[in-house]
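One-based numbering, in listed order, for ligands and for the atoms of each. Side chains included, hydrogens not; waters and symmetry mates left out as well; all remaining heavy atoms used. Index from 1, following the sequence.
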Amino acid sequence: MIKVAINGYGTIGKRVADAVAAQPDMEVIGVSKTSVSAEAYIAKERGYPLYIADLGKKPAFEKAGIEVAGDVEAMLKAADIVVDATPGGVGEKNRPIYEKLGKKAIFQGGEDHEVAGFSFNAHANYNEAENHQFARVVSCNSTGLVRIIHALDQAFGVARVRAVMVRRGADPDDVKRGPIDAIVLNPASIPSHHGPDVNTVLPHINIVTLAMIVPTTFMHMHSIQMDLKKETTREEVLKVFENHSRIGLVRKTMGIKSNAQLREYTQDLGRPRTDLWENGVFEESVSILDGKEFYCFQAIHQEADVVPENIDCIRALMGTVKDPQESIRMTNEALGLVAIG
Ligand SMILES: NC(=O)C1=CN([C@@H]2O[C@H](COP(=O)(O)OP(=O)(O)OC[C@H]3O[C@@H](n4cnc5c(N)ncnc54)[C@H](O)[C@@H]3O)[C@@H](O)[C@H]2O)C=CC1
Ligand SMILES: O=C(OP(=O)(O)O)[C@H](O)COP(=O)(O)O
């Protein structure tokens, strides 16, 4: 069993912890929090040993009825590998301790590529991970882009990509963020970080991305255009998506035309935390013009799509499963991830 520590038990960390616990070849040896919160109670409820960054806060946890197993360093020492899901920028500060203890670590998309020196996506570059001490799972939007670009690149060749990301303003629990009544260019300059981020995994792709944020909390929406190298048809493109285990199709017949309806659907499916782990490509939007021009809309659930990628990244860095497809299959099966559509 691979012993996994989750440093930072928040939006991403709590999902990764549950996903690790569901795998046949991994166990959660601990999760960490900085202060008492509802999430600390959930860790207790799940039976995950809870470690804290500052032992000076131990009395506050104990007063709240939450047992503390030790400090973060003790958790790291007990682990084979750590998934660092602390807020963007904190991972970089944590890196020296992983180096000191000789532990493998996975960073998230809030860190720069250089923090790990290797950026990861299971379908695109799983086999390059072995022998690395560190990896970074690219951000949620970049993960969604890499999946779809890589799939079409493998099938038809991709000459260039132009994409616009309409980003959710904040996660559902994030009461301090906005906007409440605005469309914010984020950033106003071009490109947004997503294109260069895609290039950390797929360096040969010609891509320009633009991004803005809107007052929603559930999912980003992408408008994507790609020039393909080989002529194809809409039907052939749909077949590629149907055969991809992490690209789902929002079928025309479902009548879903928004993030809100898609959330209702994942909820009705009984997905944990309503998570959409796969890309949600809108079937109706998939278009091929003049044989080579591809268009689509896709929804990306920001809290969820990086979760299975973190699980595959654990196996890839540990070198325990050599075949990417086998790891992807194991991860999907343990999560109950059967792509929609
Ligand atoms: N929320 C999202 O939509 C997505 C976030 N990411 C990335 O994942 C990373 C984590 O983001 P979230 O889960 O949203 O953050 P979050 O704020 O929900 O959770 C972070 C957790 O880390 C804990 N923490 C803070 N400082 C710590 C420290 N020094 N040691 C241990 N724990 C500490 C906090 O208590 C909190 O539980 C970031 O790099 C972010 O950019 C990636 C994809 C999507
Ligand atoms: O990884 C994300 O978005 P991104 O792919 O646009 O960087 C997550 O939605 C977190 O983004 P945030 O920086 O708005 O919290």
Atoms of ligand 1 less than 4.0 Å from [X] heavy atoms?
X: Gly88; value: 38 (C), 39 (O)
X: Arg168; value: 2 (C), 3 (O)
X: Asn7; value: 30 (N), 31 (C)
X: Ser32; value: 31 (C), 32 (N)

Item to complete: Could you give me the CA-CA distance, side-chain angles and deciding distance for Val138 and His194, then say whether side-chain contact (heavy atoms from CB on, under 4.5 Å) is met?
Response: CA-CA 9 Å; Val138 290; His194 307 95; over 6 Å; no
Please report whether ligand 1 has a polar contact with [X], defined as an N or O pair separated by less than 3.5 Å (distance criterion only).
X: Glu111; value: no
X: Ser139; value: no
X: Gln108; value: no
X: Pro87; value: no
X: Val90; value: no

Worksheet item: Counting only heavy atoms, which portion of Asp171 has something under 4.0 Å from ligand 1: side chain, backbone, both, or neither?
Response: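 Side chain only.
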Discussion item. Using a 6.0 Å cut-off, check whether atom CG of Leu289 has over 12 heavy atoms from anything other than its own residue.
Written reply: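 Counting other residues, nucleotides and ligands, CG of Leu289 exceeds 12 neighbours.
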Worksheet item: Do you see a donor-acceptor pair shorter than 3.5 Å between the side chains of Thr86 and Asp84?
Response: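 There is such a pair (donor and acceptor under 3.5 Å, judged by atom type) between the side chains of Thr86 and Asp84.
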Item to complete: Using distance alone, with no hydrogens and no angle criterion, decide if Gln302 and His220 have a side-chain donor and acceptor under 3.5 Å apart.
Response: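 Gln302 vs His220: no donor-acceptor pair found between side chains.
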Fill in: Gly144 versus Asn279, closest heavy-atom pair with distance
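For Gly144 and Asn279, the tightest heavy-atom pair comes out as O-ND2, 2.8 Å.
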Fill in: Residue among Asn121, Asn332, Thr331 satisfying side chain to side chain donor-acceptor pair (under 3.5 Å) with Asp312
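Output: one option passes, namely Thr331.
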Worksheet item: Roughly how far, to the nearest 0.5 Å, is OG1 of Thr266 from CG of Asp275?
Response: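 It comes to 7.5 Å.
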Worksheet item: Hey, what do you get for CD1 (Ile256) to CZ (Arg251), rounding to the nearest 0.5 Å?
Response: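 One gets 12.0 Å once the value is rounded to the nearest 0.5 Å.
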Worksheet item: Lys14: heavy atom below 4.0 Å from ligand 1, yes or no?
Response: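 For ligand 1, residue contact (heavy atoms, under 4.0 Å) with Lys14 is absent.
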Discussion item. Students should find this: residues with any non-hydrogen atom under 4.0 Å from ligand 2. What is the answer?
Written reply: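 Its neighbours under 4.0 Å (heavy atoms only) are Ser139, Cys140, Asn141, Arg167, Arg168, Arg177, His193, His194, His220, Gln302, given by chain and number.
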Worksheet item: From atom 15 (O) of ligand 1, is the closest protein heavy-atom distance below 4.0 Å?
Response: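 So far as the 4.0 Å threshold goes, atom 15 (O) of ligand 1 is out of reach of every protein heavy atom.
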